[in-house]
There are 2 protein chains.
Amino acid sequence: MQITSYTDYALRVLLYLAMTPNRQANITEISDFFNISRNHLVKIVHQLGSKGFVKTTRGKGGGLSLQRPPEMINIGELVRSMENHFNWVECFDPTQQNCRLLPACGLKQLLARAGDAYLQMLDAATLADVALGTTPVEVAQSEAPATAHSECNQNQSLTTETQENNL
Amino acid sequence: MQITSYTDYALRVLLYLAMTPNRQANITEISDFFNISRNHLVKIVHQLGSKGFVKTTRGKGGGLSLQRPPEMINIGELVRSMENHFNWVECFDPTQQNCRLLPACGLKQLLARAGDAYLQMLDAATLADVALGTTPVEVAQSEAPATAHSECNQNQSLTTETQENNL
DNA sequence: TTATAAGTTGTATTGTTAATATATCTTTAA
DNA sequence: TTAAAGATATATTAACAATACAACTTATAA
Ligand code: SF4
Ligand code: SF4
């Protein structure tokens with residue numbers, strides 16, 4: 001169970017822009033910072049632009065910046081915009097209505113409620129809430145490029161056991 | 001965003017068994033009922049057995065049945081057992097700790113909380129809560145095999161817009 | 001005691017789709 | 001008028017869920 005990296009990358013872009021409020025950033029700079037495919041980011045940024053999250057300016061000296069202040073950018077709204085469906089199980093897809101239990105499956109209703117709970121949690125937060133106080137430059141300095149950090153694995157909380165299974 | 005059909009199939013098996021409480025069902029019968037791969041179901045049933053959800057008996061006249069009463073089978077527990085990870089984004093995977101924002105990303109914490117909200121909602125329900133009152137036979141009779149039903153598209157609630165995006 | 005109906009286990013293949021790459025645009029400030 | 005930026009479309013790759021295949025073990029009904 002996961003969200004696409006496409007959506008996470010979009011969030012990273014917004015976080016980056018929130019950290020560099022006084023200038024135009026550009027795609028190359030961001031893809032370099034996160035070490036992800038520039039081509040992929042281009043599409044993500046384009047969609048962020050068309051959905052009204054970032055302002056893009058072409059041409060020399062162009063780049064991108066947040067279209068609204070971080071307090072006005074809702075995380076739930078963003079995830080809904082970037083994630084391409086929320087079909088928790090097959091029967092949520094209007095084109096796949098062939099489960100024999102469908103007419104009144106209690107499970108479907110439960111999963112819908114759980115999905116809503118997930119999104120409502122995201123609706124309760126804005127970019128300002130999740131943005132770090134640090135700028136990318138500071139982060140870059142405090143970062144040892146190679147190995148992982150020890151402070152990281154807090155708060156996986158309920159989602160334990162897992163790993164292995166399937167196949 | 002979706003859960004694997006592997007997990008949904010597991011839930012379907014339990015629902016089916018809950019509907020046929022007074023006898024042993026078998027895998028072939030269930031895979032026929034839902035029109036899904038028998039081979040795939042075999043693995044799912046095996047895992048359901050090893051995790052203590054169903055009792056399987058081999059040999060002629062064998063089959064499977066619920067190991068505990070439906071009121072004792074928690075949906076959240078089941079989903080945790082079947083889904084093979086809850087790595088909402090890359091950084092949740094202990095082997096992928098290379099996001100530059102990692103040491104203290106507020107987004108990660110938010111996503112963890114949202115994931116917990118999702119699972120807690122599932123923890124609040126048991127198989128008894130989601131099982132229909134009907135038996136598979138009744139369902140089969142009331143079901144026109146081909147076209148979709150009209151009563152179905154209730155409660156997608158918050159998860160609207162979507163469709164298209166990406167690529 | 002034996003034939004057969006069940007589940008068990010391991011591996012290989014297929015299909016889908018997210019992720020990435022390539023290439024050619026258009027726009028615009030210096 | 002050129003170089004630096006984003007826009008757009010298409011093609012390729014990679015990951016992994018889903019499925020298929022094959023050979024095994026167990027148990028019981030005849
Ligand atoms: S079992 Fe219920 S939730 Fe799962 S696909 Fe069928 S109708 Fe949907
Ligand atoms: S941006 Fe935050 S949530 Fe996303 S991968 Fe990086 S650390 Fe994790």
Side-chain angles (χ1 to χ4, degrees), chain A residues 1-10 12-13 17 23-32 34-51 53-65 67 82-85 87 89-90 93 95-96 163-167, chain B residues 1-10 12-13 17 23-32 34-51 53-65 67 82-85 87 89-90 93 95-96 163-167:
Chain A
M1 183 124 53
Q2 64 195 66
I3 70 180
T4 58
S5 77
Y6 188 88
T7 300
D8 184 40
Y9 290 169
R12 292 193 203 184
V13 168
L17 295 178
R23 64 184 184 86
Q24 296 257 116
N26 67 40
I27 295 183
T28 304
E29 166 191 352
I30 299 176
S31 70
D32 283 352
F34 288 110
N35 208 260
I36 57 186
S37 159
R38 182 182 181 282
N39 303 102
H40 201 202
L41 250 201
V42 162
K43 284 190 209 159
I44 291 161
V45 165
H46 174 57
Q47 188 171 342
L48 282 173
S50 68
K51 290 283 168 64
F53 293 102
V54 304
K55 179 167 27 122
T56 61
T57 47
R58 310 212 267 195
K60 197 166 187 175
L64 51 149
S65 56
Q67 193 154 71
M82 305 303 287
E83 204 68 10
N84 47 18
H85 70 79
N87 296 339
V89 289
E90 177 187 303
D93 180 349
T95 72
Q96 297 287 325
Q163 241 65 336
E164 41 99 28
N165 292 91
N166 248 49
L167 250 231
Chain B
M1 184 125 53
Q2 64 195 65
I3 69 178
T4 59
S5 76
Y6 189 89
T7 300
D8 184 41
Y9 290 168
R12 292 193 203 184
V13 168
L17 295 177
R23 65 184 184 85
Q24 297 257 113
N26 67 42
I27 295 183
T28 304
E29 167 191 350
I30 299 176
S31 70
D32 283 351
F34 288 111
N35 207 260
I36 56 185
S37 159
R38 182 182 180 284
N39 299 291
H40 200 202
L41 249 202
V42 161
K43 284 190 208 155
I44 292 161
V45 165
H46 176 55
Q47 189 172 340
L48 282 172
S50 67
K51 290 283 169 63
F53 294 102
V54 303
K55 181 169 23 123
T56 61
T57 47
R58 312 213 268 196
K60 197 168 189 173
L64 51 150
S65 55
Q67 193 154 73
M82 304 304 286
E83 205 67 12
N84 46 18
H85 70 81
N87 297 338
V89 290
E90 178 187 304
D93 180 349
T95 72
Q96 298 287 323
Q163 241 65 338
E164 42 99 26
N165 293 90
N166 248 52
L167 252 227

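Each chain gets a letter, A, B and so on, in the order its sequence line appears, and its residues count up from 1. Note that the structure is a prediction, hence the values are computed from the model and not measured.
- Proximity note for A:Asn39 (side chain, C-beta onward) versus C:dA21, C:dA19, D:dG6: the nearest is C:dA21.
- Side-chain contact check for A:Met82 versus A:Leu48: some heavy-atom pair is nearer than 4.5 Å.
- The CD1 atom of B:Ile44 sits 6.0 Å away from the OH atom of B:Tyr6 when rounded to the nearest 0.5 Å.
- Computed from coordinates, the B:His46 NE2 to C:dA6 P distance equals 19 Å when rounded to whole Å.
- For A:Arg38, a side-chain nitrogen or oxygen approaches OP1 or OP2 of D:dG6 to under 4.0 Å.
- Among the heavy atoms of the strands lying under 4.0 Å from A:Leu64 are primed sugar atoms or P, OP1, OP2 only; no base atom is included.
- Picking from C:dT26, C:dG7, C:dT9 the nucleotide with the shortest atom distance to the side chain of A:Arg58 gives C:dT26.
- Of the residues near DNA chain D, A:Gln2 and A:Gly63, the one whose nearest nucleotide (by heavy atom distance) lies more toward the 5' end is A:Gly63.
- Within the model, atoms CZ of A:Arg38 and CD of A:Glu29 stand 11.5 Å from one another, a figure rounded to the nearest 0.5 Å.
- Across all strands, B:Thr28 comes closer than 4.0 Å to no nucleic acid atom at all (heavy-atom distances).
- The B:Lys60 side chain lies nearest to C:dT4 when the options are C:dT4, D:dA18, D:dC21.
- Nearest nucleotide to the A:Tyr6 side chain, out of C:dA19, D:dA7, D:dA18: C:dA19.
- Between B:Ile3 and B:Glu83, some side-chain heavy-atom pair lies under the 4.5 Å cut-off.
- In this structure, NZ of A:Lys55 is placed 20 Å from P of C:dT27, rounded to the nearest angstrom.
- Remark: P of D:dA9 and NE2 of A:His40 are 17 Å apart, rounded to the nearest angstrom.
- Nucleotide D:dA18 holds its P atom 10 Å from the NZ atom of B:Lys43, rounded to whole Å.
- Counting non-hydrogen atoms under 4.0 angstrom, A:Asn26 reaches the backbone sugars and phosphates but no base.
- B:Tyr9 places its OH atom 8 Å from the C1' atom of D:dA18, with the value rounded to the nearest Å.
- Position along DNA chain C of the nearest nucleotide to A:Ser5 versus A:Gly61 favours A:Ser5 as the more 5'-ward residue.
- Using a 4.0 Å heavy-atom cutoff across all strands shown, B:Val42 reaches at least one base atom of the nucleic acid.
- Regarding B:Met1, its CE atom lies at a distance of 15 Å from the C1' atom of C:dA18, rounded to whole Å.
- At whole-Å resolution of the value, CD1 in B:Ile3 and C1' in D:dA18 are 15 Å apart.
- In the set C:dG7, C:dA12, D:dG6, D:dG6 carries the atom at the smallest distance from any side-chain atom of A:Ile27.
- Closest-nucleotide positions on DNA chain C for A:Gly59 and A:Ser37 were compared, and the one nearer the 5' end corresponds to A:Ser37.
- In this structure, CG in B:Asp32 is found 8.5 Å from CG in B:Asn26, a value given to the nearest 0.5 Å.
- Of the side-chain N and O atoms in B:Thr57, none sit less than 4.0 angstrom from OP1 or OP2 of D:dT26.
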Exercise for review: Apply side chain to side chain contact (heavy atoms under 4.5 Å, CB included) to the pair A:Phe53 and A:Gln47, showing each step before the final yes or no.
Suggested key: CA-CA 9 Å; A:Phe53 293 102; A:Gln47 188 171 342; over 6 Å; no
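- Atom CD1 of B:Ile36 is separated from atom P of C:dG15 by 19 Å (rounded to the nearest Å).
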